[in-house]
Visitor: 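One structure follows; several queries about it will come next.
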Amino acid sequence: MILNAIKDNFVGYITIFGLDCFFALSEGYSLKIVPKPEEIELFQAKCKERSFNFDSLGWIHAVNDSGDDIAFFLSERQIPFCYYKDTLILIADMIFQTSNNKSRNGEYLQDYKDLKGFTAIDFSGEAVDSVFFPKLAIKEEVTKDNCFERQATDKYAINVQTELNGEKCSLIFSVIVDRQDWIWETRSLGELHSVIRLEFDNRQDMSMIEPSWQAVCTFLAFCMGQFNVTDLNIGLWDSKDKKIGTKGFLSNIYGKINNDKGENIQFRYPAYCRFQADFLGEKVGCLFKLLSNKDTRPILSFLSRNNYEFDVGKNNIRDICSSLEVEYKYKKEDFPNSNVVSLVGKLKQVVKEYRKENPNLLNNDTYSYINSSLEFISLPAKEKLWRIYEKYSAIINEIYKFFGSSQGKDFSKEQTIKDIGWMVKVRNNITHSVGYMEAEIPNYIYNRLIIAVYCSILERSGYSILEIADIMEKYCKGSKRN
């Protein structure tokens, strides 16, 4: 088996509405379904029962012309008029395929895979290689025969505990090889591919595929500083009694998710300004959980959309300010605000006394609204951003010393507060997106605030300040093998 094994065009047999039909997949997403001649009248009746609305059909199962089992997940919303002359044309968001091979006596050679659940899910591709270097699996020492050898997985793989949507699972980084040495039609011996594997404690319904994919894409975007994670290979495991763990094998169920295609994140070595799984350490599971949990996830909308987005626009400034305000909200207990709390308490008392002295001037809804509004009184945005920045200012200063970029720039407290004020003023006066030249943004304040966001996210994930300083140093220097 090799990666990207699902073809864009194939045909087979499918069961829908309890009826046997033929199907043809084209362009990787367009699923044409035609009933068998003897089923046409029932097919018409079933479609009419649905008022020719084919939304929310979910998963349907099929067999292709090679005898492989297929599962299609249909789009929640289908195009209008997708039924025409006893033919359905539906859009598939996800496709998964496996081979349930039988022996000559009709027994399955391996455990039967029903494509209705899974125990582990694998992701591979350029972005995964970019956060976990595939050649970590190769011994550095040269053998006497000048051959390379793979290391045992426990020498390089990572296996930590995490959680996704309330389900406990293992977050695994390992390396697989597509064994093309078995394919005699080529001269290739195969390639190494890094893999991110989520292995769950309990078997998951197929509905867990998309949240897993979203969580891994978010993690990769955070590590890469870019959103264009567009081309992940996906595989499933459905193991009944044994763990897959860090094993460097390709999965026996492979699939694809149809999403917007574009230029993918490019692999780069050394990995400058990219977080690597091997230096994020054992707490990477906590980071993964934080990034995917709706109650703890940060705002990352300031990240680049492609490989060549260098200009900073007003929308970028808006997004980085919002991100820091959210970080302040998550960590506000770290920044006691006794004077503001005292002021809000006094204002509430004034409202209470006014209501008592003027009982009929305002109704209950108005007083409720006023009291609710008082709850939102807090420090101004500039002060919130500064407090987050200040906590990590020593780390940020070290980074800019390393790059030699601080020469001729003013990173003092007084100037930094002014620069943050400039950012907030730009954010508050947004009318349209305009690019900024680097020289127009004072003292690299935009990029310095990005580092502050990274540091805050890492600390909320359980890393100490010393650990964050070490991670950010490696982040700047790039990951290299000794």
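All of these numbers come straight from a predicted model, not from anything done at the bench. All residue numbers in this chain count up from 1 along the given sequence.
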Visitor: As an exercise, state the distance from NZ of Lys242 to CG of Asp111, rounded to the nearest 0.5 Å.
Guide: 7.5 Å
Visitor: Which atom pair, heavy atoms only, marks the closest approach of Phe72 to Ala92?
Guide: CD2-CB, 4.2 Å
Visitor: Of all the heavy-atom pairs spanning Ile244 and Glu199, show the shortest one and how long it is.
Guide: N-OE2, 2.7 Å
Visitor: I need the minimum non-hydrogen distance between Arg387 and Tyr328, along with the two atoms involved.
Guide: CD-CE1, 4.3 Å
Visitor: For Asn101, does its backbone N or O pair with a side-chain atom of Gln110 as donor and acceptor, under 3.5 Å?
Guide: no
Visitor: Write down the atom of Glu27, the atom of Asn9, and the distance for their closest heavy-atom approach.
Guide: N-OD1, 3.1 Å
Visitor: To the nearest 0.5 Å, what is the distance between CD (Gln78) and CG (Leu90)?
Guide: 4.5 Å
Visitor: For the residue pair Leu250 and Trp237, what are the closest heavy atoms and their distance?
Guide: O-CH2, 3.2 Å
Visitor: Here's one to test your reading of the geometry: is the NZ or CZ of Lys409 within 45 degrees of the ring axis of Tyr444 and under 6.0 Å from its centre?
Guide: yes
Visitor: What is the ring orientation for Phe17 with Phe43, classed by angle as parallel under 30°, tilted 30 to 60°, or perpendicular over 60°?
Guide: tilted
Visitor: Evaluate ring pair (Phe, Tyr, Trp, His ring centres under 6.0 Å) for Phe23 paired with Tyr13, printing each intermediate quantity in order.
Guide: CA-CA 6 Å; Phe23 79 84; Tyr13 307 92; 8.0 Å; no
Visitor: Has Ser174 got a side-chain atom pairing as donor or acceptor with Gly248's backbone, closer than 3.5 angstrom?
Guide: no
Visitor: Can you classify the ring geometry of Phe173 versus Phe132 as parallel (below 30°), tilted (30 to 60°) or perpendicular (above 60°)?
Guide: tilted
Visitor: Listing request: all salt bridge (charged side-chain N to carboxylate O under 4.0 Å, His left out) pairs with a residue in residues 286-302, at least two apart in sequence or in separate chains.
Guide: Glu163-Lys289
Visitor: Evaluate Glu327 against Ile457 for side chain to side chain contact (heavy atoms under 4.5 Å, CB included), listing each step before the verdict.
Guide: CA-CA 8 Å; Glu327 290 303 308; Ile457 292 170; 3.8 Å; yes
Visitor: Do you know which two heavy atoms are closest between Gln226 and Asn228, and how far apart they sit?
Guide: NE2-OD1, 2.9 Å
Visitor: Would you check if Phe118 and Lys113 make a side-chain contact, meaning some heavy-atom pair closer than 4.5 Å?
Guide: no
Visitor: What's the separation between atom CG in Asp55 and atom CD1 in Ile79, rounded to the nearest 0.5 Å?
Guide: 11.0 Å
Visitor: Could you go through Tyr454 and Phe275, starting from their C-alpha distance and side-chain angles, then the distance that decides it, and tell me whether this counts as ring pair (Phe, Tyr, Trp, His ring centres under 6.0 Å)?
Guide: CA-CA 10 Å; Tyr454 286 150; Phe275 293 104; 5.2 Å; yes
Visitor: When the side chains of residues 209-222 are checked against the rest of the protein, which donor-acceptor pairs come out under 3.5 Å, sequence neighbours left out?
Guide:
from	atom 1	to	atom 2	distance (Å)
Ser212	OG	Met208	O	2.8
Thr218	OG1	Gln214	O	2.9

Visitor: Name all residues meeting the side-chain hydrogen bond (donor to acceptor under 3.5 Å, both in side chains) criterion together with Asn258; count only those two or more places apart in sequence or in a different chain, and write none if there are none.
Guide: none
Visitor: Please determine whether side chain to side chain contact (heavy atoms under 4.5 Å, CB included) holds for the pair Glu459 and Ile465, giving the CA-CA distance in whole Å, both sets of side-chain angles, and the decisive distance to 0.1 Å.
Guide: CA-CA 7 Å; Glu459 188 177 31; Ile465 294 295; 3.9 Å; yes
Visitor: Would you check if the side chain of Gln161 reaches a backbone N or O of Cys286 as a donor-acceptor pair within less than 3.5 Å?
Guide: no
Visitor: Could you grab the distance from atom CZ of Phe22 to atom CD of Glu39, nearest 0.5 Å is fine?
Guide: 10.0 Å
Visitor: Hey, what do you get for CG (Asp114) to CG (Asp238), rounding to the nearest 0.5 Å?
Guide: 6.0 Å
Visitor: With a 3.5 Å distance limit and no angle check, can you tell me whether Asn233 reaches the backbone of Phe123 through a side-chain donor-acceptor pair?
Guide: no
Visitor: Look up atom CZ in Phe73 and atom CZ in Phe96, then write down how far apart they are to the nearest 0.5 Å.
Guide: 11.0 Å
Visitor: When you compare the side chain of Arg460 with that of Leu458, does any pair of heavy atoms fall below 4.5 Å?
Guide: no
Visitor: Would you find a donor on one side and an acceptor on the other, under 3.5 Å apart, between the side chain of Tyr463 and the backbone of Leu280?
Guide: yes
